[in-house]
Amino acid sequence: MRILAVIPARAGSKGIPNKNIRIIGGKPLIYYSINNAISSKYITDTVVTTDSDAVRIIATQMGASVRWRDERLCRDEVTLDAVIDDAVDRSVDWDYVVTMQPTSPTLSVDTLDRAIAYAIENDLDTLISAINAPHLSWGVKDGKKVPNYKERLNRQYLPPNYLETGAFVVSKASVVTEKTRIGQKVDVFEVPENESVDVDNFQDLMVVAASLNQKKVAIYVNGNNQRGTGHIYRALEIADEFFSKPDIYYDSNQTDPAVFGKTTHTLIPVNGIAELFDRCREKQYDILINDILSTSIDYMIGLRSVLPKARIVNFEDDGEGVMKADLVFNALYSKSDLPQVRAGEKYYIAGKTFLMYNPIPIREKVERVLVTFGGADPRNYTDRILAIISRPEYSNVQFTVVLGRAKQNVDQLMKYNELPNIEVFHDVANMPELMTKCDMALTSRGRTGYELAILGIPTIAMAQNEREERHGFVSNENGFTYIGLDPADEIIESNLRMYLELSRSSRQHFQDTMLKHDLKGGRRRVMGLIENL
């Protein structure tokens with residue numbers, strides 16, 4: 001079977017000067033259609049019809065034939081049918097002629113081949129690329145604007161509405177003339193939305209550039225009661241920053257998918273590192289992000305072997321694996337001597353909702369206290385503090401207690417809601433709203449400390465483990481009162497009593513110290529560095 005691809009590419013684009021040879025995604029625009037035609041398993045010959053020397057050179061260098069277009073076929077009023085017909089060598093017994101516009105660079109060769117196969121299998125005269133775009137629309141009838149629909153429905157319930165994309169027209173050679181490429185038996189072939197862009201104006205050009213420069217991203221993250229769930233929250237925040245849906249992997253032996261909460265991101269369980277490596281070898285990501293605590297040299301070498309061209313980014317990693325990473329963010333640590341490590345609070349990624357809140361006003365006295373120890377609270381600080389504040393001497397103070405998604409013995413702790421001055425919540429979505437109603441807080445030395453600092457809430461902090469003892473930001477010098485790892489109940493209570501009696505000016509000083517740090521700008525800084533890898 002002989003199938004000819006004809007790519008029309010004249011020089012005289014007026015809307016976008018030199019459109020067909022503009023460099024997009026590192027290649028001339030026309031490169032993509034020529035490459036698809038040459039790479040197709042069905043197309044046997046490719047010809048570019050043009051009046052441009054630059055296009056001729058590009059096509060020739062790529063291995064396509066060139067049909068020099070006569071001036072009479074370059075006029076604005078000349079139809080594409082006549083141009084295509086002129087490019088078809090009638091001395092060859094062609095079966096099909098495929099018109100491929102150079103203005104559809106996002107089209108994949110897989111979609112092109114499936115369309116050609118569909119045309120052949122169904123013995124079609126013509127197959128036109130299209131996108132199904134049902135919308136409520138209006139037309140004109142008898143000089144009046146009238147709806148093109150019978151009933152107003154949500155988009156997903158509207159009947160199909162196929163719009164031609166211009167990516168390709170597959171025609172039997174016998175129906176191609178200077179007047180038409182459309183035969184009697186016609187169908188449309190639906191192309192994916194991300195492959196449907198036609199470059200007609202500069203806005204389209206920007207969309208295509210973004211699409212062609214889009215990187216394939218994967219995130220590997222784990223979280224549980226012992227490891228904590230801050231990794232999960234951060235991974236989901238990072239995933240939202242890309243203009244695509246990254247593949248988010250987690251080890252099913254370490255992470256309960258429930259800790260991800262309600263998300264429409266793509267979550268992929270793997271049974272150990274070997275399966276993760278197999279997936280990565282198959283997908284060949286451009287960027288892989290690890291948020292799994294410390295990485296080992298062996299793990300990173302293995303990852304490099306299956307993703308030799310990828311950029312690898314690690315978060316909160318103080319293991320030996322940092323030596324093999326392209327970029328490491330350790331927001332919880334104050335400094336690092338390694339050039340690939342960005343350390344300090346300026347690289348903290350705040351949750352989106354926290355960016356919308358202003359610092360709390362400092363009231364004359366403490367009226368409400370927040371108690372929250374992250375997603376897991378492995379040392380059960382919450383249990384100990386609830387036992388303290390449930391005593392009668394604290395009945396005149398309101399307490400808001402938040403239990404994280406991975407906290408154990410939740411049912412037992414929820415019983416403290418029976419006390420009039422204590423409210424216990426589990427796995428809340430409105431954390432900044434609860435925080436801003438409080439005058440002070442007790443928390444651990446992780447992610448929550450940064451959130452409290454954004455809101456300027458005076459805070460008593462304690463470490464959950466030896467790793468948290470090394471976290472630098474949640475410290476006395478930054479406006480917190482840090483009381484160490486596993487402090488005795490009497491130390492916790494004495495500091496709580498002190499805070500309850502502190503003057504407004506003393507608590508204002510704590511807040512002023514916290515607010516000296518630009519914690520809201522960390523997301524922008526982190527993503528800027530990742531995107532520029």
- Heavy atoms of Ile454 and Pro359 approach each other most closely as O-CG, 4.1 Å
- Evaluate the ring-ring contact (aromatic ring centres under 6.0 Å, His included) criterion for residues His471 and Tyr333: first the C-alpha distance (whole Å), next the side-chain angles of each, then the deciding distance (0.1 Å), finally the verdict. CA-CA 5 Å; His471 292 178; Tyr333 299 96; 5.4 Å; yes
- Donor-acceptor pair, side chain of Asn18 and main chain of Arg22, under 3.5 angstrom: no
- Thinking salt bridges, do Lys283 and Asp247 make one under a 4.0 Å N-O criterion? yes
- Query: Parallel, tilted or perpendicular: which fits the ring planes of Phe473 and Tyr450, with parallel below 30° and perpendicular above 60°?
  - Reply: parallel
- Message: Under a plain distance cut-off of 3.5 Å, with no hydrogens placed, do Asn271 and Ser252 share a side-chain donor-acceptor pair?
- Response: no
Atom pairs and distances, side-chain donor-acceptor, residues 521-533, under 3.5 Å, sequence neighbours left out:
| from | atom 1 | to | atom 2 | distance (Å) |
| --- | --- | --- | --- | --- |
| Arg523 | NH1 | Glu237 | OE1 | 3.4 |
| Arg523 | NH1 | Glu241 | OE2 | 2.6 |
| Arg523 | NH2 | Glu237 | OE1 | 2.5 |
| Arg523 | NH2 | Ala350 | O | 2.6 |
| Arg525 | NE | Lys346 | O | 2.8 |
| Arg525 | NH1 | Asp518 | OD2 | 3.2 |
| Arg525 | NH2 | Lys346 | O | 3.2 |
| Arg525 | NH2 | Asp518 | O | 2.8 |
| Asn532 | ND2 | Gly528 | O | 2.9 |

- Task: Could you tell me whether Glu320 atom CD has more than 12 heavy atoms of other residues or ligands within 6.0 Å of it?
- Result: no
- Counting distance only, does the side-chain N/O of Thr126 pair as donor-acceptor with the main-chain N or O of Arg181 below 3.5 Å? yes
- Query: Looking only at heavy atoms, which two atoms of Asp318 and Ser294 are closest? And how far apart?
  - Reply: OD1-OG, 2.6 Å
- Output field: ring centroids Tyr220/Tyr250 closer than 6.0 Å: no
- Say you draw a straight line from CD of Glu451 to CD1 of Ile457; how long is it, rounded to the nearest 0.5 Å? 10.0 Å
- Query: Is the charged tip of Arg114 near the ring of Phe189: under 6.0 Å from the six-membered ring centre and within 45° of its axis?
  - Reply: no
- Around Lys41, counting heavy atoms of other residues, nucleotides and ligands shown, do more than 12 lie under 6.0 Å from its NZ? no
